[in-house]
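These notes are about the structure you will find just below.
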Amino acid sequence: MKILMIGSGGREHALIKKLLESPKCTKLYCAPGNGGISRDAETVNIGVMDKESMVKFAKDNSIDLVFVAPDDPLADGMVDAMQAEGIRAFGPNAKAAVIEASKVFSKNLMKKYGIPTAKYEVFDDANKAIEYIKSENTTPVVVKADGLALGKGVIIAQTIDEAVNAVKSIMEDKQFGDSGNNIVVEEFLTGPEVSVLAFTDGKCVKPMVSSKDHKRAYDNDEGLNTGGMGTISPNPYYTDEIATECMETIFKPTIAAMNAEGRPFKGCLYFGLMITPNGPKVIEYNARFGDPEAQVVLPRLKTDLVDICEAVIDEKLSDLNIEWYDGAAACVVMASGGYPVTYKKGIEMFGMDGNGQVDGAVVYHAGTKYENGKFYTNGGRVLGVTSTAPTLDEALSKAYAAVDKIKFDGAHFRTDIGRTK
Ligand code: AMP
Ligand code: GLY
């Protein structure tokens, strides 16, 4: 099969390495890809939002399967565009991807179908939102832009003033553009966070092994929120008992709710959960694999990923037994100095072999480019250095030992992945 991966991050590199394990995959393209991906797949210079060129490429090259990995092209109908031309594509259509693209949609969905989540109100008017925040007078309070905002549209306000400023910058100053035309103001929840990715064909749902992200830039969960600075799998807080509860109260009801709304979801559905003192609740849904969750979940997948993609597309997922390796995986993200605010690109990297790899780990490239046999930084999150081992401690030591071998000016990584609450 000829397969086209759409995207350019560490998640896409992890998907590509897993697809290469399949005997069914004879040719792999990635658009646009990155430096590390170019060592594993043929990279194609088409932007992820360019539906017309992407469909043309898929047709011209007789692509058998397109995998749409990032949120923006999913929300924009990349899967719909492929399907309209008879091309098989993995991922939700635009109608289903709205579960991530609109927080107002997802919150209303959960309320309507009784899926546990934080209490909230929706506003399309800044003054009404501010009035509500002042009258409730509880802190912390969470203010969220409705639409996609590169993972930055959530503000946890510690004071009423901070919340009022958040509302103003989102709704009046349009900090996130039209993503902030509507906002959600919601109750602050506490408890450990768990990421559960699940394959679903719209009929049945098969959760993958659990994981835990580390979203803050610095050790001890300090600094700004990022796209994710590291992950571990499994998540120690996600017990079998909690998994069973989530299946009955969250996973199955979400699939049923999307069907009832006429928006059957097919692809990978990401449940961002918080294990609160009142039980597990949904913090957010994503319509895709998480990044860097994919980097620790996929190495543990034993079943052929191509078979899974086909079963999802053909709505035959219930016939497939999905198997996982025991043990653990840890991913440490190496970022550019200054990320997530401002950072330089084009810095030469040292310590990796010609394929951008080091012993003891698999290096998933996120923001790199490859020129004349050398790797250079090309983004905020640069690498996801990932190891698997029988125990989490061993996986972490291996990953950190590999991180120590890689050098570039300004390199920043957290030293406490897998060690925080
Ligand atoms: P989101 O983009 O919705 O995942 O939010 C980003 C992060 O903000 C989450 O991973 C949580 O750590 C935090 N967060 C979001 N909503 C809440 C909430 N209601 N209570 C506490 N923390 C939250
Ligand atoms: N790591 C969180 C996300 O992919 O949204």
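When a ligand or atom number is given, it counts from 1 through the structure's own listing order. Values in this document were obtained by computation on a predicted structure and should not be read as measured data.
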Could you pull out all residues at least two apart from Ser195 that satisfy side-chain hydrogen bond (donor to acceptor under 3.5 Å, both in side chains)? Tyr270, Glu293
Please answer whether the main-chain N or O of Gly351 pairs with a side-chain N or O of Lys405 as donor and acceptor at a distance below 3.5 Å. no
Residue Val154 vicinity, atoms of ligand 1 by number, heavy atom under 4.0 Å: 1 (P), 2 (O), 3 (O), 5 (O), 8 (O), 15 (C)
For Phe188, take its heavy atoms, then give the atoms of ligand 1 lying under 4.0 Å from any of them. 20 (N), 21 (C)
Could you list the atoms of ligand 1 found under 4.0 angstrom from a heavy atom of Lys215? 10 (O)
Salt bridge Lys107-Glu186, side-chain N to carboxylate O under 4.0 Å: yes
Check Ala145 against Ile183 and note the closest heavy-atom contact, atom names and distance. CA-CG2, 4.3 Å
For atom 18 (C) of ligand 1, state which one of Val142, Ile156, Thr190, Asp213 supplies the nearest heavy atom. Val142
Before accepting this row, confirm whether a basic side-chain N of the pair Arg381/Asp291 lies closer than 4.0 Å to the acidic partner's carboxylate O. yes
Just wondering, more than 12 heavy atoms not from Lys302 lying within 6.0 Å of its NZ? yes
Report yes or no: do Glu241 and Thr244 form a side-chain donor-acceptor pair below 3.5 Å? no
Can you tell which of Leu189, Leu273, Thr276 gets a heavy atom nearest to atom 21 (C) of ligand 1? Leu189
Show me the short polar-atom pairs for ligand 2: any N or O of it lying under 3.5 Å from a protein N or O, with distances only.
from	atom 1	to	atom 2	distance (Å)
ligand 2	1 (N)	Asp213	OD2	2.9
ligand 2	1 (N)	Gly227	O	3.3
ligand 2	1 (N)	Asp291	O	3.0
ligand 2	1 (N)	Glu293	OE1	2.8
ligand 2	1 (N)	Glu293	OE2	3.4
ligand 2	4 (O)	Arg288	NH1	3.1
ligand 2	4 (O)	Asp291	N	2.9
ligand 2	5 (O)	Asn286	ND2	3.2
ligand 2	5 (O)	Arg288	NH2	3.0

With no hydrogens and no angle check, is any side-chain donor or acceptor of Asn235 less than 3.5 Å from a backbone partner on Ser210? no
Looking only at non-hydrogen atoms, which of Arg216, Glu100, Glu193 approaches atom 12 (O) of ligand 1 most closely? Glu193
